[in-house]
Protein chains: 4
Amino acid sequence: MDIASETSSTQKKIINAAIKVFSEKGFEGATTSEIAQEAGVAEGTIFRHFGTKKGILHGILVSAVTSFQKPQFMVSLAEVIEKGDAHSLIHMIKEQLEAIEKQLPLLKMLFYEAQFHTEVQEIIMEKIARPILDLLSQSIGKQKDMQKFRCLDTNLMAVSLISSLWGYVVWKQIAPEQETIDEEEALTQLMDIWLKGVEVNPYNS
Amino acid sequence: MDIASETSSTQKKIINAAIKVFSEKGFEGATTSEIAQEAGVAEGTIFRHFGTKKGILHGILVSAVTSFQKPQFMVSLAEVIEKGDAHSLIHMIKEQLEAIEKQLPLLKMLFYEAQFHTEVQEIIMEKIARPILDLLSQSIGKQKDMQKFRCLDTNLMAVSLISSLWGYVVWKQIAPEQETIDEEEALTQLMDIWLKGVEVNPYNS
Amino acid sequence: MDIASETSSTQKKIINAAIKVFSEKGFEGATTSEIAQEAGVAEGTIFRHFGTKKGILHGILVSAVTSFQKPQFMVSLAEVIEKGDAHSLIHMIKEQLEAIEKQLPLLKMLFYEAQFHTEVQEIIMEKIARPILDLLSQSIGKQKDMQKFRCLDTNLMAVSLISSLWGYVVWKQIAPEQETIDEEEALTQLMDIWLKGVEVNPYNS
Amino acid sequence: MDIASETSSTQKKIINAAIKVFSEKGFEGATTSEIAQEAGVAEGTIFRHFGTKKGILHGILVSAVTSFQKPQFMVSLAEVIEKGDAHSLIHMIKEQLEAIEKQLPLLKMLFYEAQFHTEVQEIIMEKIARPILDLLSQSIGKQKDMQKFRCLDTNLMAVSLISSLWGYVVWKQIAPEQETIDEEEALTQLMDIWLKGVEVNPYNS
DNA sequence: TATGAATGAGTCTTCATTCAT
DNA sequence: CATGAATGAAGACTCATTCAT
């Protein structure tokens, strides 16, 4: 029995509709009536399942966390760090980028609303941010132990990596017109900058 | 007679109140009545000056853009890139960090709302994002010409730099408890990662 | 199943309340809150059904037009014209006068607001004014063909007739104190003036 | 010293502006701010002169009554009745019709608002309606005495006459497209209907 | 006397939430 | 369980009126 089966079909419809509407309009900008319409259910049905509007947000988060459990590309990211070769990761990211970009508005909304809803912030921290950081930190730590990476603050290195990637994706979406270079090439360069930045320079040790 | 004097005292009061309330509650979450109260004016007065709630946002943006004209630390950032020495910049950022962090919620709100209000997005792009990118790109370009920086995509390098700094500041605010290292040290390491990442390695050419 | 049943009971309550309040205070002078109170529903309910305040006006108009479909006294008016005998019409008008006078403020408001709301004007013209004029013009035309009425402009004759009646009703309401003559007598004289005014005088042909 | 001189130039400007704005938007639909702008004075100035918005309406009425004192065409109307010849009146009305039509929206507004403001109603009744009715009644009375007009209710005859003319002017404005006949001809026919309607028929006495 | 910025009560309208069916 | 009509508190916005300059 998998987790998803605990969520009824109606709930799924509502969650999906809410993801769409929240992504487009933001949490405050969305209306329960529009979500209901998008989900093809009555407005009252939403409240039967989630109690309040905030409850829907919570529901999305839980659902997201569940499916975020093992973000394949994060695992790969860790591998990249350990192998020092970005090739496979880039390939993977590239393949998943469309999905990521689709989720971007939702993630932005979630991070933004986290400011105003403590519980949202806590869930994001515990279930998303921390695991990712931990995963990366672990890999980075290994490299540091093996003296392949310089002796910098582990957390900082992880933040730097994530920020770069996040920044690239956001920027790509905000200013899509100026795609001077190919996406694969861009990701390669980005990873390369970071790797070169943290690697121990053999001639400087 | 300075530019600021074009903005009446009442308008300033409202702008400041709005910055505070918008920062705390977000644009949609804020109410004009609360802004009025915070500003110590009647609610009607707000609409006398800004017409609509969105008009207040616009007013904030204009005011922000005006005072953002020459962000000292950005100029320094350019210098750093050209000198390859982060020392002075880090010192400056460190000193301005309190101010930046105070503005952070506002900036986050502005960037977030840009999604929903085209004009906000345009102003931010034209007046804030583009100038910064251009400034950095210019400095980076010089270094590339002098073969001090590797031949990577200029925009990408700039995005990578900005993202790292932004990511650090945001992370610091979200997870303030785990300050394992000193702020100055953190910034130094961050800049160092980026610089090492983009510099031409003499032994690798 | 009659047409009226398409309008829910709540809508009917609101329409009736709105008719009353609009009649007393005019469209702009009326408040949705007062209409809600008069209708015994929550203010939000009004907007659930009519969307905007103007929507209520539209609703009234539609409802009025529906019930105005076959104004019995207009049919009689046509008969009078054709028979040249006002007796039956006067009797009918007299009986319906109370109803007409009750509707008078609403009609006045509707005609007045037509100036400011194009759609109201169009509906009134198409559904009320034109049908009445057409009906009368037709009857008048027949009489002209039979050489019972003089060869004057048909529309003008109709306007003259309607205006006299309308003027009498309005005047009666404005200056009710000076009822020197009986209502039936008044209407008889009014119709008589018009009939004599338009009839072919046998001795003058 | 004429009456008009009691009204300052500023007051006149405001009155004229108010007439324009009230005519276009109605009393409730007009704003004091728009009137001030139209008059080229500050909003406060209006209240210095007229106290309240209703005060402006009152001011208009007083001004209108003053200039309405001797409505030339009414005097002519009386003459027409006495002479039984509409020629000169029609000529005059025709000439004044443009002015009348310009005033029509104001008059409609005044009559409409009279419903809601007792004092407005009283002034209109005392200063406009009654004098006109009296003038006409007097002329009609004379004709009745001379057995030229039938022995109908004098007031009713007057109302019938006024209503026809008013109805024609209003109709002309509402449905301007269908001018089948010339204006002069229309007025002639209208007066003719009424005159024939009230005259004693020599062969029927 | 004229001004116009400030006021705040009042308006229309929205929308999360409830509950009888 | 699902529905959707009804709710009413709260929000953005308007505008006649006041008053210090």
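Labels below follow one simple rule: chain letters A, B, ... track the order of the sequence lines, proteins then strands, and each chain is numbered from 1. Only a predicted model underlies this, so the values are computations on that prediction, with no experimental measurement involved. Computed from heavy atoms alone, side chains included, the values below leave out hydrogens, waters and symmetry copies.
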query = Should the heavy atoms of other residues, nucleotides or ligands under 6.0 Å from NE2 of His117(C) be counted, would the total exceed 12?
reply =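 Above 12, so yes.
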
request  = Taking atom CD of Gln37(C) as the centre, report whether more than 12 heavy atoms of other residues, nucleotides or ligands fall under 6.0 Å from it.
outcome  =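 Open.
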
request  = Select from Thr31(B) and Gly44(C) the residue whose nearest nucleotide in DNA chain F is closer to the 5' end of that strand.
outcome  =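 Result: Gly44(C).
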
message = Which is more 5' along DNA chain F, the nucleotide nearest Glu43(A) or the one nearest Gly29(D)? Just name the residue.
response =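 Per heavy-atom nearest nucleotide, the more 5' residue is Glu43(A).
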
query = If you pin Thr52(C) and Thr45(D) to their nearest nucleotides in DNA chain E, which one's is more 5'?
reply =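 Residue closer to the 5' terminus by nearest nucleotide: Thr45(D).
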
ask   = Nearest nucleotide by nearest heavy atom, which residue falls closer to the 5' end of DNA chain E, Gly40(B) or Lys53(C)?
value =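 Final value for this comparison: Gly40(B).
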
key: Leading and trailing nucleotides of DNA chain E with any atom under 4.0 Å from heavy atoms of chain B   =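 So the contact region on DNA chain E extends dA5(E) to dG8(E).
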
key: Polar side chain donor-acceptor pair, Thr32(A) to Glu43(A), under 3.5 angstrom   =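 A donor-acceptor contact under 3.5 Å links the two side chains.
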
query = Within the structure shown, what part of the strands sits under 4.0 Å from Ala30(A) by heavy-atom distance: base, sugar-phosphate, or nothing?
reply =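 If one applies the 4.0 Å heavy-atom cut-off, Ala30(A) turns out to touch the sugar-phosphate alone, with no base involved.
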
query = According to a strict under-4.0 Å criterion, is His49(A) in side-chain N/O contact with OP1 or OP2 of dA2(F)?
reply =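 For His49(A), the contact criterion (side-chain N or O under 4.0 Å from OP1 or OP2 of dA2(F)) is met.
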
message = Does a side-chain N or O of Thr32(D) approach OP1 or OP2 of dA16(F) to a distance below 4.0 Å, or not?
response =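 True: Thr32(D) side-chain N/O within range (under 4.0 Å) of dA16(F) OP1/OP2.
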
[atom1] of [X] versus [atom2] of [N]: gap in Å, rounded?
X	N	atom1	atom2	result
Phe47(A)	dG4(F)	CZ	P	15 Å
Ile46(A)	dC1(F)	CD1	C1'	15 Å
Leu57(D)	dA16(F)	CG	P	13 Å
Glu28(B)	dG11(F)	CD	C1'	11 Å
Arg48(D)	dA16(F)	CZ	P	19 Å
Phe50(B)	dA12(F)	CZ	C1'	16 Å

request  = If a pair satisfies salt bridge (charged side-chain N to carboxylate O under 4.0 Å, His left out) and one of its residues is in residues 20-33 of chain B, list it, with sequence neighbours excluded.
outcome  =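 Every pair satisfying salt bridge (charged side-chain N to carboxylate O under 4.0 Å, His left out) with a residue in residues 20-33 of chain B: Lys20(B)-Glu38(B), Lys25(B)-Glu34(B).
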
ask   = How far apart are the closest heavy atoms of Lys108(C) and Tyr112(D), and which atoms are they?
value =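 Closest heavy-atom pair between Lys108(C) and Tyr112(D): O-CE1, 4.0 Å.
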
query = Shortest non-hydrogen contact from Ile15(A) to Gly59(A)?
reply =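 Closest approach of Ile15(A) to Gly59(A): CD1-C, 3.4 Å.
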
ask   = How is the base pairing of DNA chain F summarised as a dot-bracket string, given the Watson-Crick and G-U wobble criteria with both distances under 3.5 Å, [ ] for crossing and | for another strand?
value = .||||||||||||||||||||

Ion pair Lys127(C)/Glu122(C), N-O distance below 4.0 Å =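 No, this pair does not count.
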
request  = Can you label the angle between the Phe27(D) ring and the Phe22(D) ring as parallel, tilted or perpendicular, going by 30° and 60°?
outcome  =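 Phe27(D) and Phe22(D): tilted rings.
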
inquiry  = Determine whether Ile14(B) and His49(B) satisfy the following criterion, side-chain contact (heavy atoms from CB on, under 4.5 Å), listing intermediate values before the conclusion.
reply    = CA-CA 9 Å; Ile14(B) 294 170; His49(B) 285 274; 4.3 Å; yes

